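Notes follow the structure.
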Amino acid sequence: MQETPFCLRVGHLLPYSMSDSNTTDFTNPSTFILVGIPGLEVAHVWISIPFCTMYAIAILGNVTILFIVKVEQSLHVPMYYFLCMLSITDLVLSTSILPKTLSIFWFNSRDINFSACLTQMYFIHSFLVIESGIFVAMALDRYVAICDPLRHSTILTNPVVAKIGLALVLRGGMLILPYPFLARWRPYCRTNIILHTHCEHMAVVKLACADTRISSYYGLFVLFCVKGLDVFFITVSYIQILRAIFSLPTKEARLKTFGTCGSHLCAILAFYIPHLFSSLMHRYDHNVALHFHVLTANVYLLVSPMLNPIIYGVRTKQIRDRLLQLFTHKET
C-alpha cells in the first residue's frame, strides 16, 4: 500500500485552506508541525545515527568535565569554573533540540505545542548568547593570567567569577526575551508547518503574515552588536596576550604560554565560525537548498557541545591526567 505523503497527512492540521486563505487569521496557533529535514524525510533514521552519536558524546564529555572539576581540588580556579559554565551551557543547548529532533526522526512525532515551541526558541537562543559571553570571560581569564599573573588571584576571585556568571545568564536571558514575545503577538495566517527540526527563530518568524522586519532587525542586532562585540573583545584580549607572549625571552616559554590558550582558541573557532555561517545563510542565501540550511543549523548546535569537552580533555594536562588516573584506578 502506497504511503500518503506527509503534506497530505498533516493537511487537516493546516490553519487554513486555499479557499479561505484571505479570511482566516489566528494569533496563537495551538500547535506547530516540525517537518524535520525537508526533502530528506526518507533518510531521517540514517541521519539520526550521527546526530545521536554527537549528542551522546556531548552528554558524556560535558558531564565528565563537571565531575573532574568537582572532585579535583587543584582545578578549583577561575579557568575551570568558566569551563564548568561552558559545559552546563552545552548540556542545556544540546538537550534543548536533540530529544525533539530524535522523536521526529524515530517516531514521526512532529507536533509541538505553540508555547513549547516558543520556550524551545528562547532556550536555544539565550544559551547561545550565554555561551558567547562565557568565551569572552575565558578570554579575560587568559588575559589576566598571562599579562598580569601576579594579580590574577586577587582580580578573579570566586565572588567575582560568580558575579560574571550571573551577569552572563542575565544578559542572555534579557536579550532574547523579545524573541518569544514578538513571535507570540503576531498573527499566523499562512501555515503552522515549520520547515525545520526545531523552533529556530527565523523559521518561526517567516510563518507570520504580519510585518516581520522588527524581528529580523533585532535578530541581526543580537548577531552583530552582541556576538560581534564578544568577538571584538576576544580579539582585543588575544592581541594583548600575543604581545605578552612574543615579549618572552625564550621560544620554549612562548610555546608553553601559548599552549595554555590553545584549547580556548579551538573552542572559539568551533563555536563562532559555524554559527556565523548558518545565521547569515539562513537570512540571505536563498539559493541554497532548504535541507542544507536545516542540516547546517543542527550541526552548529551539536558540534560545539561535542567538541568542547574533547578539546579541553585532550589539550588540558590537568584534566587529561585526572582522566588517566580514573581509568588506571579502575583497571587495578
Side-chain angles (χ1 to χ4, degrees), residues 61-62 64-90 129-172 226-272 304 307-325:
N62 285 293
T64 302
I65 292 289
L66 292 171
F67 173 75
I68 290 176
V69 174
K70 182 179 184 300
V71 300
E72 186 61 50
Q73 292 293 325
S74 63
L75 300 181
H76 291 183
V77 293
M79 175 182 174
Y80 296 102
Y81 290 147
F82 289 131
L83 180 57
C84 286
M85 295 179 196
L86 184 64
S87 292
I88 293 171
T89 302
D90 283 338
V129 174
I130 291 170
E131 182 154 345
S132 180
I134 291 172
F135 283 124
V136 177
M138 296 174 85
L140 172 66
D141 172 72
R142 291 298 83 208
Y143 167 75
V144 177
I146 292 172
C147 298
D148 199 357
L150 297 179
R151 298 180 57 200
H152 181 262
S153 59
T154 58
I155 294 175
L156 289 175
T157 61
N158 287 347
V160 170
V161 171
K163 290 176 183 177
I164 291 174
L166 179 60
L168 294 177
V169 172
L170 291 175
R171 185 187 78 145
V226 178
K227 295 176 184 176
L229 279 176
D230 289 348
V231 173
F232 172 76
F233 288 132
I234 291 171
T235 303
V236 171
S237 297
Y238 270 95
I239 289 173
Q240 298 301 316
I241 289 171
L242 289 174
R243 289 178 59 186
I245 288 174
F246 286 122
S247 66
L248 294 173
T250 63
K251 181 179 179 181
E252 290 75 13
R254 290 194 290 269
L255 290 175
K256 183 179 179 180
T257 306
F258 186 75
T260 63
C261 304
S263 301
H264 186 223
L265 285 173
C266 292
I268 287 171
L269 294 176
F271 176 76
Y272 282 108
S304 185
L307 287 182
N308 287 339
I310 296 174
I311 291 169
Y312 283 98
V314 171
R315 294 188 60 89
T316 306
K317 185 178 184 300
Q318 293 92 327
I319 295 177
R320 188 170 65 245
D321 291 346
R322 183 63 183 182
L323 273 174
L324 291 175
Q325 288 177 13

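Worth saying up front: this structure is predicted, and the values here are computed from it rather than measured.
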Would you say Arg320 has more than 12 foreign heavy atoms packed within less than 6.0 Å of its CZ? yes

Strictly distance-based, threshold 3.5 Å: is any side-chain N or O of Arg254 a donor or acceptor partner for the main-chain N or O of Leu248? yes

When rounded to the nearest 0.5 angstrom, what is the spacing between CD1 in Ile234 and CG in Leu265? 9.5 Å

Roughly how far apart are Ile134 CD1 and Phe271 CZ, rounded to 0.5 Å? 9.0 Å

What heavy-atom pair brings Tyr80 and Ile319 nearest, and what distance separates the two atoms? CE2-CD1, 4.0 Å

Is Arg171 reaching over with its side chain to a backbone N or O of Leu166, donor-acceptor style, under 3.5 angstrom? no

To the closest 0.5 Å, what do you measure between NZ (Lys163) and CG (Leu168)? 14.5 Å

Report the distance from atom CD1 of Ile268 to atom CE of Met138, rounding to the nearest 0.5 Å. 8.0 Å

Would you compute the distance between atom CZ of Phe135 and atom OG1 of Thr89 and round it to the nearest 0.5 angstrom? 9.0 Å

Check whether any side-chain heavy atom of Pro78 sits under 4.5 Å from a side-chain heavy atom of His152, and report yes or no. yes

I want to check something: taking the side chain as every heavy atom from C-beta on, are Ile155 and Val160 in contact at a cut-off of under 4.5 Å? no

Would you indicate whether the side-chain heavy atoms of Val144 and Arg151 approach each other to under 4.5 Å? no

Quick check: do Cys261 and Ile146 have side-chain heavy atoms less than 4.5 Å from each other? yes

Any luck finding a side-chain donor-acceptor pair between Ser132 and Tyr272 under 3.5 Å? yes

Please find the pair of heavy atoms, one from Ile311 and one from Ser263, that lie closest to each other, and give the distance. CG2-O, 3.5 Å

Looking at Lys227 and Asp230, is any side-chain nitrogen of the basic one under 4.0 Å from a carboxylate oxygen of the acidic one? no

Residues Asn158 and His76: side-chain donor-acceptor under 3.5 angstrom: no

Enumerate the residue pairs fulfilling side chain to side chain donor-acceptor pair (under 3.5 Å) with a member in residues 235-249, sequence neighbours excluded, ordered by first and then second residue. Tyr238-His264

Does the side chain of Tyr143 come within less than 4.5 Å of Val236's, by heavy atoms? no

Okay, side chain of Asn308, backbone of Ser304: is any donor-acceptor separation there less than 3.5 Å? yes

Looking only at heavy atoms, which two atoms of Cys147 and Ala244 are closest? And how far apart? SG-CB, 3.9 Å

Closest non-hydrogen contact found for Ile164 with Ala137 is CG2-CB, 3.9 Å

Are Leu86 and Leu83 packed together at the side-chain level, in the sense that at least one heavy-atom pair is separated by less than 4.5 angstrom? yes

Please tell me if the side chains of Ile68 and Thr64 come closer than 4.5 Å, counting only heavy atoms from C-beta onward. yes

Do the side chains of Arg142 and Met79 get nearer than 4.5 Å, heavy atoms only? yes

Interatomic distance, Ser87 atom OG to Leu66 atom CG [nearest 0.5 angstrom]: 4.5 Å

